[in-house]
Every structure is written in C-alpha cells, then in structure tokens.
2 protein chains.
Amino acid sequence: MPTTSAAGDGRRPTLADVAARAGVSVALVSIVMRGAKGAGAATRERVLRAAEEIGYRPDTRARLLRSSRSRLLGVQFGLHHPFHTHLVEGIYAAAEPAGYQVALSAVAPSRGERQAVEALLADRCEALVLLGPEMPVARLADIAAQVPVVSVARRLRPAPPGVDVVRTADDEGARQAVDHLVALGHRAIVHIDGGRAPGAADRRRGYRTAMNRHGLSGHSRLLPGGLTEEDGARAARTLLAEGHRPSAVLAFNDRCATGVLDAFLRAGVGVPTEVSVVGFDDTRLARLAHIDLTTVAQDIPRLAELAVGRAIARLEGERDSETASGRETVIAPRLVVRGTTATP
Amino acid sequence: MPTTSAAGDGRRPTLADVAARAGVSVALVSIVMRGAKGAGAATRERVLRAAEEIGYRPDTRARLLRSSRSRLLGVQFGLHHPFHTHLVEGIYAAAEPAGYQVALSAVAPSRGERQAVEALLADRCEALVLLGPEMPVARLADIAAQVPVVSVARRLRPAPPGVDVVRTADDEGARQAVDHLVALGHRAIVHIDGGRAPGAADRRRGYRTAMNRHGLSGHSRLLPGGLTEEDGARAARTLLAEGHRPSAVLAFNDRCATGVLDAFLRAGVGVPTEVSVVGFDDTRLARLAHIDLTTVAQDIPRLAELAVGRAIARLEGERDSETASGRETVIAPRLVVRGTTATP
DNA sequence: TCCAGGCGCACCAGTTTCGCG
DNA sequence: GCGCGAAACTGGTGCGCCTGG
C-alpha cells in the first residue's frame, strides 16, 4: 500500500500525497504551492488540480519551521477593550497584504500579560506588537532582547533598545479638548483621568498645561477615574453629590465618558445643555447616534498600520539597527465635535 | 566554528545549543524539557541550568510538527462582540488546564468567517470552536469533514456529522423574560429581535409562544432590531414616534437593550417607571451599576467549559463516533432581575 | 541478569540548494 | 537557461539499542 492515499486514513493530505497524485516530486509541488518560479505551466496546472482534488492545505507550522523567517506577528491585546479590538482589526488589514500572519494573544482579568507574551514567543513570532502594555519597562526590555517589540499607545521614556513606540500625542489631544471647551465659554472644566493606564499621564499633563495657558489654573481639577463605564459613572456621581457641578467634563476615554453621560442623564442633568462632555479615542461607541459624543479621535487604522510598519521595518531593513535605541512615532489626534458639547 | 554557539548570531537557541552546553545528547535535553522520565537527577539539573543560561525556549511549532497531536484548539470569535470576548476568556480558562493551547482568529467587518477558519485550519488546529458562526450549514459540514467542530450559541437542526452544538435554551430565556413581565402586570410587551443572528429565531419563538400562553397573542409584536446599541436605539425611536408606547420591551441582547434604554432616557421616558426593559446575555455591561439591566443570563463560563469539553471529548475519546451525528448540549438560562423592570 | 540512564537515528511536512538533461 | 528531482535541512520527538553498576 502506497503511503500516498489521500483521504480515508484520517491523515490530512501532505505535499507527498499531492506529489504522488500528480506524478511529480515533492520539491516541485512545494514550488507550485508557493507560486515560486521553476515549474512549467502544464505541470503547474496538473499539480494545482491534484491539490484541489484531495483538499490539500499547506501546513503553516512545518513551513515556518524550515524557513528561517516565520513571517508571524504576535499581537497582545485587551480582550475587553474596544480601543484594542479596533486596533487588532487594523493590524490584520495591514499585516496580511504585507505577507505576514497575525497571532493573537489576549489579556483578560484571568490572563495576564506575562502569559500572553510567553504564548506568542513560544509560537516563534518574529516581532511583537503590544497594545497598551502595562508591564514594567524592564520586562519590555527583556522581551526586546529576544525579538523586536512595538508598544502601541504606551509611552516609554526612554524606550529601551529594540522597542519602538507608536502612539497618539495624548497631551495634544487633551489640549484640543480643553481649547474647544474654552472657546465655547467653559471655565470650570474637570478631567476624569485614567489613573495608571497607558496614556493617562500625558492626558493629565496636556489638560493641566492647557488650563494654565488659558489662565484657568484655579479651575483645574482632576478626579480619579479609569477605563470603564463604571469608573466614569462613579466619578460623575461624585460630582453630582458635591452640589456645584462643573460646566464641562473631559473623560479619559469614550467608555468612561459614556458612564459620565449616563449618570448625568439619570440625575436629570441635561447634556450638553447643562454640562458638556468630551471623550477620547473615537471608538464605534462615540459614533453611535444615541451617544453622539464629542471626542478626541485617535486614528486607529493609522496607528495599526504604523505599528505593523515599524515591526516589519525592524525585521526586513535596518539590520544594523537591531539594537538601536527605540524609535517613537507620534501621530496627531483630531477633535471630533458632535452633540455632547455646547456653550454653557 | 561549532554550530552550537548560544547567542550573538541572532538565532534563537535550540535543543542542540542546550545539549552542547550541558555536554549531553539532544534527545536527553528533549526528555528533560518535557519533564519525561529517563534522565538522572543530576543531569536533569545540569540541563535545566544550561537551558536557563542561554534563554532556551522550546519551539511549539516544531514540537507539534513531530507529534501527530497538536493539542491546539482553534477559536473563531467576533472581535467586537462582548458576548464572544467573554466566552474567549472562559475558553482560555478551560483549555489551558486541560493541556490545550488556544489559537484565536477574529471575525470583524473587514475579515470574514471564511478567512478566520482558513487561518485556523492552516495552523493545524485539531478542533474548531466557532462562536456564533453565521456561515451556511453546508460550509460547517465541509469543515467538520476535516476536523471536529463545536458551534457555540448557534443552533443547527439537524447538526451535520462532526458538529457539536453548545448553546443556551434561547426560547426558554425569552419565556422567562415574558413570564417575569407578565407577573409584574405588563401586557403590551414588544420584542426587538436579532434578525438573522444566531439564537434570534429561538428567542422570537420563545417570546411568541409565551405571549400566546398568557393569552396575549393580540399584544404580540415583533420589531426588527439587531445586535448593536444602534439597532436598539433605532427600534426604540420607532416606538416613540408611534405615540402609544408598549409598557415593556424585550431586547435581543444587552447591547441592544442599552440602546433602547438610552433612547428612552433621552426622550424623557422613565425606566422602569414608564417602560420596563429586559436584555439578554448578562454581559458585564448589564451589571454596571448605572445600567443595572434586568436580563436573561447565559452562563458564559459554563458554555465555554462545555464547548472545550465537547471538542476534547471528540479528540480523545469517542474514536468510533467521529462521524457520529452532532450532539447538542443545551443549558438553562436564568433571569436576573435588576433595576429596569417594575410594575407598569 | 536487570535496568536506569543515556545515545543515535528515523521521522514529522515542508523549503532550499544543487546538479542533471 | 529552463524544468525537474535528489537530498540536505529546519527543531523537536520517540523508538531501539548500548552500556555500566
């Protein structure tokens, strides 16, 4: 019995099966399947037909094993963060045309960044794209010693060798929001912040300096917030309980802003008639007609594209700069004015 | 120059590198790394130290290549669906202790189920767990001919050979919601449905039969909805425009219910004082204090656990039932009463 | 004589180099 | 120089075999 039976024995078909069926060598089938040159048109046709007939599907792992390159991009993302999931979508879109596969590894309450990264490294990813990593810089440096790393949305100063940063100018975004509110006539503007989340420090700084520049340092006020709707709602309830409301609120992100919105609505406080609210990120949430949130947009597709681009650049060019100090790419945010802001 | 230099040449260390450093054979290092028996304590110690020193990390792909088993579970999920991302978290939790790795493949507006499944198959996943698959049954059957498939939350009648189904009793969930509302005194109960989404048909049916059973068939009313906040908000606006509101709304899922909630709030319609609203899924969203949504809970951790369990059962036991007709596991939903329902 | 510890080698499914007609 | 095949190679696994106490 030949070792080349196609189906029936449970094994999935291999190159050898296709080769036997087409009456050619394994090497030739490999050439044809990759679309490489070195095969005649007629043979190529015959091989493809044979592959089709027995339902052959190349084995990624075996393929990667031989070629020194794996063309595999590891992506760590927060499973429950819309900002991350949108980035992931953009990463797929940027990586696949460039001939790179994407390996996802999720971070969730029950699964830490350590596990997520270990899994990606064990899978032989050539480079890692980490979305909003919260691990210590020393750990990032460790990882970067093994494989190029791109940190998205998390600023690092200074970036360790081998780590690139792609992020939005968070301080500038906060400034745009404050400028917009001040132009509308607001003075008492509160910032509900993101605590230790990536980007939060910059947004705080941007908020504070903008307030100062407008001579409103006396009105500057930071309220502890967070990344979730619940954090925003809690902060808003704190404000409501105090009696004297601010006239505007800049929330850490859209989820947080949504919580703020909801708490105000429930308390009968009109938005934007009595309070203006600004979010950050411009996720799908903000665009929903019933939310219609004024927000600072991050250009998510572009962030994704740049992150993939940086990773690939490290892998394909820049051979001598492998240990070069990290490079930082900062893109501009853009205020999107919608329905939650108005004159006081 | 030996082929066994550890670092410096950019290559990541292999078994051979560790072997050379520890002065033993490759086979022995393999044994030690796997924790298999057949190595002495002292040698084991020496090998582990050598591996540690040069930062050796086993290559999953090469390992899987050799062993016929890949112990890899492929999971297709909707990147932007909270219900799915929660399931993914549960799947990690169930798979890793059982010694299975998880390979994620996302479905997004820009990435269809076809691509998602192709990627998983190319990665040599041993079984596929598909979350709320929307592909045609024939396609599911095709895939199941290659590898065991578990469909989560999507009912199939009949399930093709090789496809198991794990789902919540959606009709029963809708019934519980209607019973609850009727017990509170509601009669005009509208269902904003999920169109062609997995589970939507069953929820519609459950709603209708429950209404009939209560003698309310005259009040039965279906409104086209969908899975997102926007869909819910749109449907709610339709209701508001009509002038005569229903006294209660059963939404397809929590996201949809949130949209309904928001539209009502904006129109100044009190919930639950003027209208009661019920969701479905009990995602984190529903539990947020400021949403506090009465909803039909799906036991997500259990669904995840069962899905993984079914996949593993196909792989490890049941050898003779490989082509057995699909098995269906249905678990009970549970109504969680929170703050969005009250007597009319 | 037994057997634990350790080694060599074939093998997994591809890719790549080289040489031949 | 084109079309093709033989064989080496990728990193790790598992079997058979050898050795010494």
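Quick note on labels: first sequence line is chain A, next is B, and so on, each numbered from 1.
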Check: Looking at A:S30, does any N or O in its side chain come under 4.0 Å of the phosphate oxygens OP1/OP2 on C:dT15?
Finding: yes

Note to self: Heavy atoms only, 4.0 Å cut-off, all strands: where does A:A39 land among base, sugar-phosphate and nothing?
What the structure shows: sugar-phosphate

Check: Which nucleotide, in any strand shown, forms a Watson-Crick or G-U wobble pair with C:dA13, with both distances under 3.5 Å?
Finding: D:dT10

Check: Looking for any heavy atom pair under 4.0 Å, which part of the strands does B:R124 touch: base, sugar-phosphate only, or nothing?
Finding: sugar-phosphate

Check: Of all the choices, C:dG14, C:dC7, D:dG14, which nucleotide is nearest to the side chain of A:R63 once you look at every atom?
Finding: C:dG14

Check: So, for B:F83 and B:A153, which heavy atoms are closest and what is the spacing to 0.1 Å?
Finding: CE2-CB, 4.0 Å

Margin query: Over all strands shown, is B:L65 touching base, sugar-phosphate only, or nothing at heavy-atom distances under 4.0 angstrom?
Written below: base

Item checked: Side-chain N,O (A:R34) to OP1/OP2 (C:dT15) below 4.0 Å -> yes

Notebook entry, point to check: So what does B:R44 touch, heavy atoms closer than 4.0 Å: a base, only the sugar-phosphate, or nothing?
Noted result: nothing

Next item on the list: Scan B:V29 against the nucleic acid and name what it touches under 4.0 Å (heavy atoms): base, sugar-phosphate only, or nothing.
Entry: nothing

Item checked: D:dC4 OP1/OP2 closer than 4.0 Å to side-chain N/O of A:T43 -> yes

Check: In terms of heavy-atom contacts, does CZ of B:R44 have more than 12 from other residues, nucleotides or ligands at under 6.0 Å?
Finding: yes

Next item on the list: Using a heavy-atom cut-off of under 4.0 Å over every strand shown, decide if A:L15 touches base, sugar-phosphate, or nothing.
Entry: base

Margin query: Would the base of D:dT10 count as contacting A:R66 through its side chain, where contact means a donor and an acceptor less than 3.5 Å apart?
Written below: no

Check: Is B:S25 near enough to C:dG8 that one of its side-chain N or O atoms lies under 4.0 angstrom from OP1 or OP2?
Finding: no

Next item on the list: Could you tell me which non-hydrogen atom of B:V165 sits nearest to which non-hydrogen atom of B:R154, and how far apart they are?
Entry: CG1-O, 3.5 Å

